[in-house]
Amino acid sequence: MSSTPLTTTAPVPQAPPQCIGVPREISPGEKRVATVPAVVEKLVKLGFRVSVAAGAGEAASFSDEAYRAAGAQVLPSAAIWAGADILFKLRPPTSEEIEWMHAGQILVGFVWPAQNPELMAQLAAKGLTVLAMDALPRTLSRAQKMDALTSMAGVSGYRAVVEAAHAFGRFFNGQITAAGKVSPAQVFIAGAGVAGLSAIGTAVSLGAVVRANDTRAEAADQVVSLGGTFVPVDYAEEGGGGGGYAKVMSEGFQAAQRQMYAQEAAAADIIITTALIPGKPAPRLITAEMVQTMKPGSVIVDMAAEQGGNCELTVPGEAVVRHGVTIVGYTDLASRLAAQSSTLYANNLLRLAEELCKAKDGHAVVNMEDDAIRGLTVVYQGSISWPAPALAAAPVAKPAAAVGTAAASPAAVKKRGHGHGAGSPMPARTLAIIFAVLALLFWLVGAHAPAAFLGHLTVFVLACFIGYMVVWNVTPALHTPLMSVTNAISSIIAIGALVQMAPPGAAGADRPALLIGALAFVALVLTAINMFGGFAVTRRMLAMFRK
C-alpha cells in the first residue's frame with residue numbers, strides 16, 4: 001500500500017512593519033519634538049514601530065521613560081537616522097542631517113521648498129521621498145486635520161501676546177482701584193489670519209482694547225466675533241490670495257494702508273504684526289517714522305521676523321529697544337510653548353500617518369492620486385515633484401437668472417428638475433401622478449375611517465406641510481440651531497401621548513385601548529429624547545460663544 005506524500009504551501013512572508021524615527025531637533029533654540037507619548041500609542045496601533053532619539057523630548061517636558069511606556073524604543077541619535085523608514089521632523093534638515101539619511105526613506109516635516117531650492121536638490125539627490133507639511137493644500141477641507149501651519153500659527157499668535165505683555169510692563173485690562181484708574185491697553189494687530197485671530201482672542205481675554213486690520217474682506221466678521229474692532233483701509237481692493245493667504249496689494253492700496261497704520265501706531269500701546277505672503281519677503285508695514293510716533297514703553301511683536309519682518313527696525317531673533325519702543329523679533333514663538341506646539345504638531349502627523357496607512361498594517365503608501373498627499377509630496381523617490389498641479393476649481397453655482405437657459409447642460413437640468421429646493425419645479429406629469437395617488441388614498445381613508453380620525457389626519461397633514469415649508473425656507477447656515485430648537489418645541493406632542501395613555505373618562509382596558517396606550521408610550525419616549533436632545537444641542541452651541 002503506497003502513500004502519497006502531502007504537499008504544503010509555505011506561507012508568504014510578510015514585510016516587517018515600518019519604523020517611524022523621531023530624531024532630536026538640532027536647530028539652535030528649538031525645543032519642540034515631532035511626536036509625543038500620547039501619539040506614540042496611536043502610531044503603534046496603526047502597526048508602525050516607533051523609535052525616538054534619547055533626550056528628544058526633554059526640552060518639551062516629555063521624558064524618555066514616558067516614550068518607553070507608550071511603546072516606543074529610545075535609541076541613540078545615530079540609530080534613529082540609520083534605522084528609520086519614516087522620519088518625523090520639525091525644522092528643515094541641515095546638510096549634516098541629510099548625510100545621515102539613506103535612499104528610500106520618507107522624510108516628513110517643514111521644508112519650505114520655494115525658499116530652499118538647494119535643500120530640495122540635496123534631498124532629491126539622496127533618493128528620498130519628502131512630504132513637506134508647509135505644502136499642504138489648505139483649500140481642501142479634509143486636509144485641515146493635517147494642517148500643521150495652522151496649528152503652529154495659533155500657538156505663535158497666543159505666545160506673541162504673552163511676549164507683548166511681558167515687555168509692556170503694565171496691565172492689559174482696565175481697572176479702578178484705590179490707587180487710581182488704570183486704562184486698558186490699546187492693541188493693534190496687523191493681519192487677521194490664523195496667528196492674528198489667535199492673538200486677538202488672547203488679547204481680548206486679557207482685557208485689552210483690540211483693533212485689527214487685514215486685506216481680506218472676510219476677516220472683518222472674524223475680528224468682530226472675537227471681540228475686536230476691524231479697522232478698514234479707505235481703498236476698495238480685495239486681498240484674498242487663495243489658500244488662506246493674502247496677496248500683494250496695489251501701490252494705491254499700500255499708500256492708503258500706510259496712512260492708516262501711521263494713525264494706529266500713534267495711538268497703540270502694543271502692535272503685533274503677522275503679515276506674510278508665501279514665497280516672498282515679509283511686507284514692510286511699520287516704518288521707522290511710525291515707531292518714532294509711538295509712546296515710550298510701547299511694544300511691537302513682529303511675528304514675520306524670520307522672513308525679514310513687518311517692521312523696518314526688527315532684528316530677527318532678538319528683542320531690541322528703538323526710540324523707546326521694544327521691538328520683539330523672536331523667530332521661535334511656537335517653540336517657546338514647546339509642550340503645546342509639540343502635541344498639536346504630533347496630532348497633525350498622526351492624521352497624516354492615518355492617510356498614508358489606511359490598511360493599519362504599519363506600511364505607509366504615498367498615494368500620488370490623492371490631492372492632499374500629492375500636494376504634500378515635494379520629492380518623490382528621488383525626483384522633485386514640487387510644485388503640485390493646481391487643484392481643480394470647485395463647481396460654482398449658476399445665478400438664479402441663468403437657471404433654465406439654453407446654456408445649461410442636460411445633467412444640470414435634470415438635477416434641477418428633480419432636486420428639492422433647486423429653484424425649478426418637478427415635471428408636471430410626475431406632480432400630477434403624485435397628487436392623484438394622494439387624492440385616492442385620502443378618499444379611501446375618508447370613505448371608511450371615522451369622522452374624528454379624518455379630522456386628526458387633516459390637522460396632521462397640514463402640520464407636516466407647514467413645518468416642512470418653515471424649515472426648508474431657512475438659509476442652510478441656520479439649519480443646525482433651528483433644528484435643535486424646533487425639535488424641542490415640536491415635543492409638545494408629548495402632551496398628546498400622555499392624553500392617549502390615560503384618556504379622560506376611560507373605563508376599562510380593552511384590547512384597542514391597550515394598543516393605543518402602547519403606541520402613545522413609544523411616542524412619549526421618542527419625543528422625550530427629542531425634547532431633551534434639542535435643548536442639550538442648543539445649550540452646547542450657545543456655550544461655544546461664551547467665555
Side-chain angles (χ1 to χ4, degrees), residues 153-214 222-231 260-275 285-305 309-337 340 547:
V155 175
S156 298
Y158 177 91
R159 183 67 191 196
V161 177
V162 173
E163 295 294 340
H166 174 70
F168 184 45
R170 295 201 293 273
F171 290 144
F172 262 50
N173 63 321
Q175 297 183 16
I176 298 178
T177 68
K181 178 181 178 181
V182 179
S183 299
Q186 302 292 320
V187 178
F188 177 69
I189 296 177
V194 175
L197 292 174
S198 176
I200 292 170
T202 306
V204 168
S205 67
L206 289 175
V209 176
V210 181
R211 296 165 63 84
N213 169 262
D214 196 278
Q222 297 169 346
V223 170
V224 173
S225 69
L226 289 171
T229 300
F230 186 78
V231 184
M260 182 270 291
Y261 280 157
Q263 296 173 353
E264 293 296 325
D269 296 309
I270 294 169
I271 296 178
I272 298 175
T273 65
T274 70
L285 304 178
I286 307 298
T287 64
E289 291 76 13
M290 295 180 193
V291 175
Q292 292 179 20
T293 65
M294 296 181 69
K295 293 169 283 188
S298 299
V299 178
I300 297 174
V301 179
D302 193 340
M303 295 184 63
N310 295 138
C311 178
E312 190 176 352
L313 301 180
T314 296
V315 178
E318 298 181 20
V320 297
V321 178
R322 299 288 185 269
H323 308 293
V325 178
T326 302
I327 304 173
V328 179
Y330 297 148
T331 58
D332 60 346
L333 290 173
S335 182
R336 288 170 179 257
L337 285 172
Q340 183 66 75
K547 293 182 180 179

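Nothing here was measured: the structure is a model prediction, and the numbers come from that model.
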Discussion item. Checking Glu264 now: which residues fulfil side-chain hydrogen bond (donor to acceptor under 3.5 Å, both in side chains) with it, not counting sequence neighbours?
Written reply: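 With neighbours one apart ignored, the set is Arg211.
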Only pairs under 3.5 Å count here: list side-chain donor-acceptor contacts from residues 328-335, not counting sequence neighbours, and write none if there are none.
unit_1, atom_1, unit_2, atom_2, d
Asp332, OD1, Arg336, NE, 2.9
Ser335, OG, Gly29, O, 3.3
Ser335, OG, Glu30, OE2, 3.3
Ser335, OG, Lys31, N, 2.8

Discussion item. By the salt bridge (Lys or Arg N to Asp or Glu O under 4.0 Å) test, which pairs, at least two apart or in different chains, include something from residues 287-297?
Written reply: Asp269-Lys295
Considering only heavy atoms from C-beta outward, does the side chain of [X] approach that of [Y] to under 4.5 Å?
X      : Y      : result
Val204 : Leu226 : no
Met294 : Met290 : no
Asp214 : Gln222 : no

Item to complete: Could you go through the side-chain contact (heavy atoms from CB on, under 4.5 Å) check for Ile286 and Ile300 one step at a time?
Response: CA-CA 9 Å; Ile286 307 298; Ile300 297 174; 4.1 Å; yes
Please report the shortest heavy-atom distance between [X] and [Y], naming the atom on each side.
X      : Y      : result
Ala185 : Phe171 : CB-O, 3.9 Å
Val210 : Ala203 : CG2-CB, 3.7 Å
Val187 : Ala208 : CG2-CB, 3.7 Å

Worksheet item: Listed by chain and number, what are the ring pair (Phe, Tyr, Trp, His ring centres under 6.0 Å) partners of Phe172, not counting sequence neighbours?
Response: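 None.
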Fill in: Side-chain donor/acceptor of Thr229 to backbone N/O of Ala212, under 3.5 Å
no
Worksheet item: Where the side chain of Asn310 meets the backbone of Ala275, is there a donor-acceptor pair that is under 3.5 Å apart?
Response: yes
Item to complete: Mind jotting down which residue pairs meet the ring-ring contact (aromatic ring centres under 6.0 Å, His included) criterion with at least one end in residues 189-210? Sequence neighbours excluded, please.
Response: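 Output for this query is empty, none listed.
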Response to the item:
Residue pairs meeting ring-ring contact (aromatic ring centres under 6.0 Å, His included), one or both in residues 173-201, sequence neighbours left out, come to Phe188-Tyr261
Measure the [atom1]-[atom2] distance between [X] and [Y] for me, rounded to the nearest 0.5 Å.
X      : Y      : atom1 : atom2 : value
Thr273 : Asn213 : OG1   : CG    : 12.5 Å
Asn173 : Ser183 : CG    : OG    : 11.5 Å
Glu163 : Ser156 : CD    : OG    : 11.0 Å

Under 3.5 Å, which donor-acceptor pairs do the side chains of residues 194-201 form with other protein atoms, sequence neighbours left out?
unit_1, atom_1, unit_2, atom_2, d
Ser198, OG, Gly154, O, 2.7
Ser198, OG, Tyr158, N, 3.3

Item to complete: Might you confirm whether atom NE2 of His166 has over 12 heavy atoms from other residues, nucleotides or ligands at distances under 6.0 Å?
Response: no
Worksheet item: Is atom CZ of Phe230 surrounded by more than 12 heavy atoms (other residues, nucleotides or ligands) closer than 6.0 Å?
Response: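 Buried by this count: over 12 neighbours within 6.0 Å.
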Worksheet item: Can you name the side-chain contact (heavy atoms from CB on, under 4.5 Å) partners of Ala288, sequence neighbours left out?
Response: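 Applying side-chain contact (heavy atoms from CB on, under 4.5 Å) to Ala288 gives Glu312, Leu313.
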Discussion item. I'd like to check the side-chain contact (heavy atoms from CB on, under 4.5 Å) partners of Val224; sequence neighbours left out, ordered by chain and number.
Written reply: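 For Val224 there are no side-chain contact (heavy atoms from CB on, under 4.5 Å) partners, ignoring immediate neighbours.
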Show me the donor-acceptor pairs, under 3.5 Å and distance only, between side chains in residues 314-322 and residues at least two apart or in other chains.
unit_1, atom_1, unit_2, atom_2, d
Thr314, OG1, Asp302, OD2, 2.7
Thr314, OG1, Cys311, O, 3.4

